[in-house]
Visitor: 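Before anything else, here's the structure in question.
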Amino acid sequence: MSDKKAFPEHVAIILDGNGRWARERGRERTYGHQVGAANVKTIVRAAGHMGIKVLTLYAFSTENWKRPSLEVRFLMKLFKNYLISQLKELVEDNVQVHIVGDTSVLSDGLRKGIEECERDTADNNGLILNVAINYGGRLELVRAMQDIAEEVKAGRLLPSAITEKTVEDHLYPSDAMDVDLLIRTGGESRISNFLLWQASYSELYFTHVLWPDFTEEELRKAVDWFTGRDRRFGGLTEKDH
Ligand code: IPE
Ligand code: IPE
Ligand code: MG
């Protein structure tokens with residue numbers, strides 16, 4: 001396998017452990033979210049410098065609405081402030097931002113922030129940054145199935161013509177579908193409804209480091225680990241012969 005192939009082009013991260021990070025310091029969970037949000041900037045920059053092409057960050061799941069309303073409201077405000085305050089730097093850093101998830105239920109203010117951020121970074125051709133807000137892998141697939149069913153019903157598509165590509169075309173728009181490296185901080189070894197389709201052949205990296213402590217060096221460690229993986233995709237590699 002060539003070096004180029006071994007480098008992860010699409011890295012996805014489940015940003016977990018903000019609450020515990022704050023609790024360990026005797027602070028409110030919201031403080032952990034605040035420090036965690038500041039860390040996003042560090043990691044986005046680092047990913048760009050390292051040559052990662054697409055970075056997808058899981059910020060809020062369709063299940064996270066189950067949290068106390070105060071925490072949910074704090075997070076929504078944080079997302080809005082983050083998008084607005086970071087916009088200038090994202091433009092300067094040539095980052096192209098996309099929000100993936102069901103944004104229809106978000107507040108008008110947050111949706112406006114999302115629209116502006118996507119619009120103002122649309123011409124950038126550096127790192128592609130997908131931020132998953134109100135994202136659920138199952139919801140994404142349900143929506144895709146509904147859209148495909150509508151096409152069949154309208155007579156534009158035969159059921160037998162549905163392929164993997166058809167499904168991919170109906171997922172949230174994102175420039176690179178397959179995730180090469182999926183990182184989860186915070187010590188849990190689960191996917192929590194993230195990128196169920198796109199991560200079907202990802203290399204999974206679980207670390208106990210809590211998100212606010214996940215530094216550029218930790219990202220490098222994960223990438224280094226990835227470069228040593230033998231990705232067979234169900235086939236054989238030279239080593240197997
Ligand atoms: C991840 O940190 C951030 C979000 C899910 C929004 P958590 O809030 O899940 O922190 P822990 O896992 O409770 O420590
Ligand atoms: C996963 O973290 C979701 C995000 C990081 C946005 P959670 O803390 O919500 O996941 P569970 O509840 O431990 O599975
Ligand atoms: Mg958590």
Side-chain angles (χ1 to χ4, degrees), residues 10-44 47 54-83 85-86 97-107 109-111 113-114 117 129-143 171-172 174 179 181-200 202 204-215 218-219 222:
H10 186 179
V11 175
I13 311 181
I14 301 173
L15 321 177
D16 198 23
N18 289 348
R20 279 164 286 161
W21 185 90
R23 284 294 182 214
E24 279 173 8
R25 286 157 181 79
R27 306 283 298 260
E28 294 294 320
R29 293 175 51 83
T30 47
Y31 177 62
H33 293 317
Q34 218 172 319
V35 179
N39 195 39
V40 167
K41 183 167 146 184
T42 310
I43 295 304
V44 168
V54 184
L55 181 68
T56 302
L57 303 178
Y58 202 10
F60 193 89
S61 73
T62 46
E63 286 70 39
N64 286 145
W65 298 104
K66 293 177 195 158
R67 295 188 179 200
S69 62
L70 260 179
E71 181 171 342
V72 169
R73 256 183 285 153
F74 185 91
L75 283 166
M76 293 299 152
K77 214 164 135 194
L78 199 61
F79 297 146
K80 192 172 86 184
N81 292 345
Y82 178 84
L83 291 175
S85 70
Q86 295 301 301
V97 183
H98 300 272
I99 305 298
V100 293
D102 177 11
T103 55
S104 68
V105 297
L106 305 178
S107 72
L110 178 51
R111 275 190 294 140
I114 289 171
C117 205
L129 173 64
N130 300 311
V131 184
I133 299 178
N134 193 23
Y135 174 89
R138 287 185 173 180
L139 179 63
E140 182 177 30
L141 289 169
V142 166
R143 290 282 158 86
L171 300 177
Y172 293 118
S174 144
V179 174
L181 170 62
L182 176 62
I183 299 171
R184 181 172 185 142
T185 64
E188 308 292 356
S189 307
R190 55 177 170 253
I191 304 285
S192 299
N193 203 12
F194 197 31
L195 305 173
L196 298 179
W197 177 281
Q198 300 89 334
S200 66
S202 303
L204 307 178
Y205 182 89
F206 298 107
T207 170
H208 283 276
V209 175
L210 303 173
W211 173 251
D213 289 330
F214 191 79
T215 55
E218 294 294 338
L219 179 62

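Counting starts at 1 for both ligands and their atoms, in listed order. Residue numbers count from 1 along this sequence. Small disclaimer: the values here were computed from a predicted structure and weren't measured.
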Visitor: Judged by modelled atom types alone, do Trp21 and Asp213 share a side-chain donor-acceptor pair under 3.5 Å?
Guide: yes

Visitor: Can you find a heavy atom in the side chain of Val72 that is under 4.5 Å from one in the side chain of Leu75?
Guide: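 A side-chain contact is absent here, since even the closest heavy-atom pair is not under 4.5 Å.
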
Visitor: Among all the protein's non-hydrogen atoms, which is closest to atom 4 (C) of ligand 2, and how far away is it?
Guide: Tyr58 CD2, 3.8 Å

Visitor: Can you confirm whether Asn130 sits close enough to Leu57 that some side-chain heavy atom of one is under 4.5 Å from a side-chain heavy atom of the other?
Guide: no

Visitor: Got a sec: is Asp16 within less than 2.8 Å of the Mg ion (ligand 3) via an N/O/S atom?
Guide: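 A backbone or side-chain N, O or S atom of Asp16 is under 2.8 Å from the Mg ion (ligand 3).
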
Visitor: Quick one: look up the protein heavy atom nearest atom 14 (O) of ligand 2 and list residue, atom name and how far away it is.
Guide: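 The protein heavy atom lying closest is Ser192 OG, 2.6 Å.
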
Visitor: Below a 4.0 angstrom heavy-atom separation, can you tell me which part of Arg23, side chain or backbone, both or neither, approaches ligand 1?
Guide: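 Under 4.0 Å from ligand 1, Arg23 contributes no heavy atoms.
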
Visitor: Stepwise, does the side-chain contact (heavy atoms from CB on, under 4.5 Å) test hold for Val100 with Val131?
Guide: CA-CA 6 Å; Val100 293; Val131 184; over 6 Å; no

Visitor: With a 4.5 Å cut-off on side-chain heavy atoms, are Leu15 and Phe214 touching?
Guide: no

Visitor: Report yes if the side chains of Ile13 and Arg184 come closer than 4.5 Å at any heavy-atom pair, otherwise no.
Guide: no

Visitor: Does ligand 1 have any atom sitting under 4.0 Å from a heavy atom of Gly186?
Guide: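 Under 4.0 Å: no for Gly186.
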
Visitor: Note the single closest protein heavy atom to atom 10 (O) of ligand 2, along with its residue, its atom name and the distance in Å.
Guide: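 Answer for atom 10 (O) of ligand 2: Arg184 NH2, 3.3 Å.
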
Visitor: So is Ala59 polar-close to ligand 1, meaning N/O to N/O under 3.5 Å?
Guide: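 Checking ligand 1 against Ala59, no N or O pair falls under 3.5 Å apart.
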
Visitor: Below a 4.0 angstrom heavy-atom separation, can you tell me which part of Asn64, side chain or backbone, both or neither, approaches ligand 1?
Guide: side chain

Visitor: Is it the side chain, the backbone, both or neither of Arg67 that has a heavy atom closer than 4.0 Å to ligand 1?
Guide: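 Answer for Arg67: side chain.
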
Visitor: Taking atom types as modelled, is there a side-chain donor on Ser104 or Arg111 under 3.5 Å from an acceptor on the other?
Guide: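 Per modelled atom types, Ser104 and Arg111 side chains form no pair under 3.5 Å.
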
Visitor: Kindly compute the distance separating NE2 (His98) from SG (Cys117), expressed to the nearest 0.5 Å.
Guide: 10.5 Å

Visitor: Look at atom 13 (O) of ligand 1 and say which protein heavy atom is nearest, naming residue and atom and giving the distance to 0.1 Å.
Guide: Arg29 NH1, 2.9 Å

Visitor: Is the contact between Arg20 and ligand 2 made by the side chain, the backbone, both, or neither, using heavy atoms and a 4.0 Å cut-off?
Guide: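 Neither; nothing of Arg20 gets under 4.0 Å from ligand 2.
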
Visitor: Show which atoms of ligand 2 fall inside a sub-4.0 Å distance from at least one heavy-atom site of Ile14.
Guide: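 Close to Ile14: 1 (C), 5 (C).
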
Visitor: What do we get for Glu188 next to ligand 1 when only non-hydrogen atoms under 4.0 Å count, side chain, backbone, both or neither?
Guide: neither

Visitor: Nearest to atom 5 (C) of ligand 2 by heavy atom, Asp16, Leu15, Ile133: which?
Guide: Leu15

Visitor: Are any non-hydrogen side-chain atoms of Arg67 and Arg29 less than 4.5 angstrom apart?
Guide: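 The answer is yes; the side chains approach within 4.5 Å.
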
Visitor: Give the atoms of ligand 1, by number and element, whose distance to some non-hydrogen atom of His33 is under 4.0 Å.
Guide: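 Near His33, meaning under 4.0 Å from one of its heavy atoms, ligand 1 has 3 (C), 8 (O).
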
Visitor: With a 4.5 Å heavy-atom cut-off, do Tyr58 and Asp16 have their side chains touching?
Guide: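 A side-chain contact is absent here, since even the closest heavy-atom pair is not under 4.5 Å.
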
Visitor: Quick one: does ligand 2 sit under 4.0 Å from the side chain of Phe60, the backbone, both or neither, non-hydrogen atoms only?
Guide: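 The answer is the backbone.
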
Visitor: Regarding Asn18 and His33, is there a side-chain donor-to-acceptor distance under 3.5 Å anywhere?
Guide: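 Asn18 vs His33: donor-acceptor pair found between side chains.
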
Visitor: Where on Arg190 is there a heavy atom closer than 4.0 Å to ligand 2, on the side chain, on the backbone, on both, or on neither?
Guide: side chain

